[in-house]
Amino acid sequence: MTETVPAPRWRELAPGVFTRRYAGWDLSVGLVVGAARCLVVDTREGPDEGAELAAAVREITSLPWSVVLTHDHFDHADGLPAFLPCEVWAHPACAAALRERDRAVPDYRPVDGRVELDLGGRSVVLDHPGAAHSRGDVYVHVPGTGVVFAGDLVEHVPGGSFGTESFGADTTLAGWPPALTRLLGLAPHTVVPGHGEVVGPGFLARCRDELRLLLDLHHAVRAGELSPDAAAARSRLPADVTVAALAAPG
Ligand SMILES: [Zn+2]
């Protein structure tokens with residue numbers, strides 16, 4: 001199934017809460033604007049792409065910005081230089097992974113649990129729900145709006161949820177369903193995935209169920225009770241996605 005991603009433009013999900021979706025990687029980023037400053041959620045995949053996003057933020061607001069990184073993967077984090085100097089909020093594992101790749105995080109502010117930021121008349125909650133898609137996932141909740149920026153805790157590929165890229169050597173499969181339970185506990189109305197069109201809570205619950213089944217299949221394969229082919233046949237996700245998930249650490 002194919003889907004055409006339109007030219008990037010801001011979409012206002014709630015007053016002062018925006019998302020912007022790109023054809024490249026089908027990435028979705030975020031922007032939350034307060035009375036005193038704004039918060040940029042993820043930075044795109046490189047310095048040029050980051051500069052495009054920074055200029056686009058300036059179409060919306062001239063307020064100083066802070067950045068939050070939902071995780072360390074390049075498609076979300078490597079546009080950061082275009083925003084520096086500024087406060088950079090991230091989980092310690094995210095900051096460590098960036099330093100390992102020689103990506104500087106100068107004004108680093110750790111999100112190791114729940115952090116509430118005051119943007120001026122608007123608070124935003126940053127939270128680490130445990131290791132899941134990566135070791136340092138952070139989601140962003142905008143209380144009072146029903147909007148959650150989920151990073152790659154939620155993905156929405158054309159025609160489905162997760163893709164082969166969703167599962168890597170830094171994935172903790174067992175941590176992922178409880179992380180989505182935490183997101184569902186916020187009773188979100190609008191969830192911005194790391195990739196793809198925005199979704200609602202029903203999609204989130206479906207993702208959690210798919211991941212729970214993957215985790216069961218993962219255990220069964222590791223225990224020798226099920227062959228990888230049999231596991232792929234029972235998964236609700238495409239075979240190549242299931243194979244990638246089964247290769248991830250449990
Ligand atoms: Zn991603």
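Read the numbers this way: they start at 1 and go in the same order the structure lists the ligands and their atoms. Numbers for residues simply follow the sequence, beginning at 1.
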**Prompt:** Quick check: does any side chain N or O of W89 sit under 3.5 Å from a backbone N or O of L126, one acting as donor and the other as acceptor?
**Reply:** no
Checklist entry - Relative to each other, are the rings of H133 and H71 parallel, tilted or perpendicular (30° and 60° limits)? => result perpendicular
For the Zn ion (ligand 1), the nearest N/O/S atom on D152 is atom OD2
_Side-chain donor or acceptor of T242 paired with backbone N/O of L237 under 3.5 Å_ = yes
Angle subtended at the Zn ion (ligand 1) by H76 NE2 and H195 NE2, to the nearest 10 degrees, is 100°
Can a donor-acceptor pair be found, under 3.5 Å and without considering hydrogens, that links the side chain of H91 to the backbone of A93? yes
**Asked** the Zn ion (ligand 1) to D75: any N/O/S contact under 2.8 Å?
**Response** yes
